[in-house]
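Attaching a single structure in structure tokens format; questions to follow.
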Amino acid sequence: MFENDTICGVATGLGKSAIGMIRVSGPSAISICDGIFVGKKKLSEMGTFTAAYGKVVDGDKAIDEAIMLVMKAPHTYTTEDTVEIDLHGGSYVVRRVMQLLIERGVRPAEPGEFTKRAFLGGRIDMVEAEAVMDVINAETERSLDTSVKQLSGKLSKEIRELREIILHNTAYIESALDDPENYSLDGFSEELSKELTQVKQRIERLLSTADEGRIIREGISTAIVGRPNVGKSSLLNQLLGEERAIVTEIEGTTRDTLEEYVDIGGVLLKLIDTAGIRNTEDVVEKIGVDKAREVIETADLVLLLVDGATGLEQEDRDIINNLGGKRVIALINKSDISTDAENEARAQEIRSLLAGIGIEDITIVMTSAKTGQGLDELKSQIRDMFYSDKIDYNNQIYITRARHRAGLITALEGLERVQDSIDQNMGEDFLTIDLMAAYAALGEIIGETLEDDLADKIFSDFCMGK
Ligand code: GDP
């Protein structure tokens, strides 16, 4: 499994910075760095976690002053010998030293390869490795928070506990089958059934966070809908403001559909936009009910705009009729030019229309996409909707990856088969197959395979052959 070459990577940004740091990891890290370094001591003679000041040299030619930090296997991030080279910032020097290392046989690291080595070296499990990637990629504070939690191993710990229960029961069955004099299976099925119910509930709880987890990582997919001229593009521009983050084109969908991300105080919104919405000239042609329907379908949250000043028209009603089953916030826009009485009348009408399609719990905000009035209220409503009311954010572990979700589902299915077998009074040896399938599926989430777990367990817990 272990890779034997030595890799290097620039650990700091490549722009101008005070310090540029290159990390070198692998079996030859120390000897190769010794070859390009002149200091008081040889790096190979230094203790682990000690630093030396000196010069990086290419033959006789000094390139830059440097501090070399030597860290010896196995107590390093990658578990391999590692040298960190601190240079003066500036991309030229950093590149030059990278080049020098490469000439001496060090390979430039693939993205994430240091972390991959940490995983292969057994220092972190798969969930933690993925969390490191997420920390690096985190778009907002909240998603950072979740990644940090996974990094600290909360999800891994939960998975390990569940596996432990499954393994214990499997080992007990195996022991009892081998050694019926000492281990009785009387009443075991009922006990197992009870424990499985709890394990299944815990898996289901994890699964129920999968949607929120996705939302935290990818943003709340948000559609802004309304008939032409209600102020959709104005709202979009207000929301994007200076906070505009990333613009990506979605492959395979209409060419003119864009996703734009905006961070509203720690919650990432993925605004589903169509080029037409932003071009006021084309609005009438492009944005009709059909377009709205298409966008609504993929949205986690719909911002329904109506014009407070002119009131609702048939087209508004048509759009509203497509909102069934969605989380909706209604915005009575242009409230800067509509009266309170008008706003109240619009709110009433929206409430009754939405109630007509089964949406009772409706949030209505008065906004002006022109003056920005009401937008803070809107943002705080969105935050509340997703974090404080619906979910207890701070104590929950979130499932943020499809791979984890798939593993949990497979495990759950396995356990359901075990329950079926119990219900049909199948023999205990039969149960172990599905128990182990569930165990393996959970193990895949944290990157652990079956190995000798069961044998170890049987020997350690049940003292076979005593
Ligand atoms: P869209 O067709 O829904 O995208 O609407 P636009 O954002 O293009 O807005 C249509 C017109 O309404 C533009 O002239 C905007 O300046 C104006 N508008 C949008 N929002 C407001 C608002 O809150 N108050 C006022 N007074 N005008 C607005």
Side-chain angles (χ1 to χ4, degrees), residues 220-244 247 249-250 253-262 264 269-299 301-323 326 328-350 353-354 362-382:
I220 300 166
S221 171
T222 307
I224 301 174
V225 300
R227 69 174 159 79
N229 274 321
V230 290
K232 295 182 297 296
S233 60
S234 306
L235 176 73
L236 185 73
N237 287 329
Q238 280 275 1
L239 284 175
L240 292 175
E242 287 156 19
E243 295 166 66
R244 173 182 304 211
V247 180
E249 223 153 320
I250 316 170
T253 56
T254 28
R255 213 181 56 246
D256 59 0
T257 304
L258 296 176
E259 291 172 350
E260 309 213 38
Y261 290 85
V262 59
I264 55 161
L269 296 189
K270 180 171 80 180
L271 295 166
I272 311 171
D273 178 20
T274 50
I277 294 181
R278 307 189 64 210
N279 181 347
T280 44
E281 259 93 303
D282 292 351
V283 142
V284 182
E285 275 76 37
K286 284 200 180 169
I287 310 302
V289 179
D290 285 347
K291 196 82 193 172
R293 192 180 291 141
E294 201 176 288
V295 173
I296 288 164
E297 201 144 291
T298 60
L301 171 67
V302 176
L303 302 181
L304 167 72
L305 262 75
V306 301
D307 187 324
T310 60
L312 274 69
E313 295 174 2
Q314 189 51 43
E315 200 169 353
D316 295 296
R317 297 188 189 96
D318 291 343
I319 291 171
I320 289 172
N321 281 330
N322 282 294
L323 296 178
K326 289 285 166 182
V328 179
I329 298 180
L331 276 60
I332 300 179
N333 195 37
K334 307 198 186 179
S335 61
D336 54 318
I337 52 169
S338 57
T339 65
D340 287 351
E342 281 172 335
N343 293 342
E344 191 42 46
R346 318 299 180 224
Q348 290 270 354
E349 190 174 357
I350 291 172
L353 285 168
L354 285 171
I362 160 95
T363 305
I364 298 182
V365 185
M366 312 293 165
T367 58
S368 168
K370 192 167 187 178
T371 66
Q373 179 188 318
L375 292 191
D376 284 341
E377 160 80 4
L378 171 65
K379 290 178 192 176
S380 102
Q381 289 286 357
I382 297 175

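Just so you know, these numbers use all the heavy atoms, side chains as well, and skip hydrogens, waters and symmetry mates. Both ligands and their constituent atoms are indexed starting at 1 by order of listing.
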Task: Nearest-0.5 Å distance that lies between atom OG1 in T363 and atom CD1 in I382 - done: 10.0 Å

- [ ] Pick whichever of K334, Q238, K232 has a heavy atom sitting closest to atom 12 (O) of ligand 1.
- [x]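 Ranked by closest heavy atom to atom 12 (O) of ligand 1, first place is K334.
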
Open item on the list: Yes or no: does G226 have any heavy atom under 4.0 Å from an atom of ligand 1?
Closed with: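 Under 4.0 Å: no for G226.
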
TODO: Check whether any side-chain N or O of R346 sits under 3.5 Å from a backbone N or O of A309 as a donor-acceptor pair, and report yes or no.
DONE: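 Between the backbone of A309 and the side chain of R346 there is a qualifying donor-acceptor contact (under 3.5 Å).
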
- [ ] Between D336 and ligand 1, find which residue part has any heavy-atom pair under 4.0 Å and reply side chain, backbone, both or neither.
- [x] side chain

Task: Which of the ligand 1 atoms, numbered from 1, are nearer than 4.0 Å to a heavy atom of P228 - done: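 Atoms satisfying the 4.0 Å criterion: 2 (O).
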
Open item on the list: Regarding S335 and N343, do their side chains bring together a donor and an acceptor under 3.5 Å, going by distance alone?
Closed with: no

- [ ] Using a strict cut-off of 4.0 Å, indicate which atoms of ligand 1 neighbour a heavy atom of N333.
- [x] 20 (N), 21 (C), 23 (O)

Task: Matching residue for L303 among I224, L236, N333 - test: side chain to side chain contact (heavy atoms under 4.5 Å, CB included) - done: I224

- [ ] For S368, counting its heavy atoms only, list the atoms of ligand 1 lying under 4.0 Å from any of them.
- [x] 22 (C), 23 (O), 24 (N)

Open item on the list: For the 3.5 Å polar cut-off, considering only N or O atoms, please tell me whether L235 and ligand 1 meet it.
Closed with: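 Between L235 and ligand 1 (N or O atoms, distance only) the closest approach is not under 3.5 Å.
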
- [ ] Can you establish whether the number of heavy atoms outside K370 located under 6.0 Å from its atom NZ is more than 12?
- [x] no

Open item on the list: Could you check whether any side-chain heavy atom of V225 comes within less than 4.5 Å of a side-chain heavy atom of N322, counting everything from C-beta outward?
Closed with: no

Open item on the list: Heavy-atom distances under 4.0 Å decide this one: backbone, side chain, both or neither, for S234 against ligand 1?
Closed with: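 It is both backbone and side chain that touch ligand 1.
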
Open item on the list: Less than 4.5 Å apart, side chain to side chain, heavy atoms only: is that true for T367 and E377?
Closed with: no

Task: Heteroatom distance test (I337, ligand 1): nitrogen or oxygen, under 3.5 angstrom - done: no

- [ ] Examine the proximity of ligand 1 to N229 and report which part, side chain or backbone, both or neither, has a heavy atom under 4.0 Å away.
- [x] both

